[in-house]
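Working notes for the structure below.
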Amino acid sequence: MKDNGSYQPYSYFQLMEVSLRELLVEKGIVTETQVAEEVAAMRMRTPAIGAKVVARAWVDDSYKQKLLENGSRACEELGIEVAALKLVVVENTPSTHNVVVCTLCSCYPRMLLGIPPEWYKSRSYRSRTVSEPRAVLAEFGLRIDENMKIRVHDSTADMRYLVLPMRPAGTDGWNEERLAAVVTRDCMIGVAVPKSS
Amino acid sequence: MGGLPAGKVEPAEHDYADWERRVDALMIILSGGKGGRKLMTVDELRKNIEALPPDAYDRMGYYERWVTSITQIMIQRGVITTDELGRKMAEIDKRG
């Protein structure tokens, strides 16, 4: 599984990964196939899954209600496995903007968005989002009107949040696929809002 | 660290390396996912990451902390020993 051609010595932690994995394989605790399959499954989990959920909620009001009442169940309805996790979907409105953080570590709705981006796990994002969300959002280029309330949601190991953004103006008559295309990962974390163009 | 002062958020993105993805996969399998035996919990993962000295925590990358924590858990639970790990690391280092 190494890079072809260019020889690079292992870093200390890469060495640790290879050693740990080989020991666990030798002891019959994991198999290389399990690891490879999970890595492949991980690559399939992308924000497109979350975008599909958001687009459905935009076009189907009864689905949206279900999603806000019980996020996990509503995702399962679309065939998305959320395991034992409680998924809480929080809705942006003209008066409230939502943003998600994990101050403890990096809890994230991975089944809907994939692996979290580097900045989500950074000290600065985790420290400051809860105390000065407006300033943090501005660093992402998102200016929230002073009259709007900002709600910050701190995730835990058992409870994950997803932001349901507002459907942008100028998208009347769009089908779900076209709508899903404007729902980026950052919109569902709450550091951006979708745009129709 | 919630609420503490800190620098500007750099919206950095990086594609994860294969070894980082394998660390992630190991965590899922050892937590009982993918038909694996449940040999660790998320709380243990976090406890062992939080036990890192603050300077090491800041110096290490995300999956570097994870692989260190998972390895510690496996030692604490007696799944592997430090001896076995030391020998294996030396062997693989030599093998390259």
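Note on naming: letters A, B, ... go to the chains in the order of the sequence lines (proteins, then strands), and numbering restarts at 1 for each one.
Taking the side chain as every heavy atom from C-beta outward, Arg110(A) and Ile28(B) approach each other to under 4.5 Å. Side-chain contact check for Glu17(A) versus Tyr63(B): every heavy-atom pair is 4.5 Å or farther apart. By the 4.5 Å heavy-atom criterion applied to side chains, Leu26(B) and Leu24(A) are counted as neighbours.
Few gaps surround CD on Glu13(B); more than 12 heavy atoms of other groups in view lie less than 6.0 Å from it. Applying the 6.0 Å contact sphere to OH of Tyr12(A) captures no more than 12 heavy atoms from other residues, nucleotides or ligands. Heavy-atom contacts from other residues, nucleotides or ligands closer than 6.0 Å to CZ of Arg151(A) number 12 or fewer. When the shell of 6.0 Å around NZ of Lys94(B) is examined, it contains 12 or fewer heavy atoms from other residues, nucleotides or ligands. Counting heavy atoms of neighbouring residues, nucleotides and ligands inside a 6.0 Å radius, atom CZ of Arg73(A) does not exceed 12 of them.
Contact of Phe140(A) with chain B is made through the side chain alone, with heavy-atom distances under 4.5 Å. With a threshold of 4.5 angstrom between heavy atoms, Val130(A) approaches chain B through side-chain atoms but not through N, CA, C or O. Contact annotation for Ala41(A): only side-chain heavy atoms (C-beta onward) come within less than 4.5 Å of a heavy atom of chain B. Heavy-atom distances place the side chain of Cys107(A), and not its backbone, under 4.5 Å from chain B.
The contact list for residues 80-87 of chain B toward chain A, using heavy atoms and a distance under 4.5 Å, reads Ile80(B), Glu84(B), Leu85(B) by residue number.
Looking at residues two or more places apart in sequence or on another chain, you find no side-chain hydrogen bond (donor to acceptor under 3.5 Å, both in side chains) involving Lys149(A).
Between Lys88(B) and Glu26(A) there is a salt bridge, with a side-chain nitrogen of the basic residue lying less than 4.0 Å from a carboxylate oxygen of the acidic one. Using a 4.0 Å cut-off between charged nitrogen and carboxylate oxygen, Glu22(A) and Arg95(B) count as a salt-bridge pair.
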For the pair Asp18(B) and Val39(A), evaluate side-chain contact (heavy atoms from CB on, under 4.5 Å) and give the outcome as yes or no after the intermediate values.
-> CA-CA 8 Å; Asp18(B) 284 348; Val39(A) 168; 5.6 Å; no
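No donor-acceptor distance shorter than 3.5 angstrom exists from the side chain of Arg21(B) to the backbone of Met42(A), with no hydrogens or angles considered. Listed for the Glu139(A) side chain is a donor-acceptor partner under 3.5 Å among the backbone atoms of Val9(B).
Ranked by non-hydrogen atom pairs under 4.5 Å with chain B, the options Thr31(A), Leu104(A), Val101(A) are led by Leu104(A).
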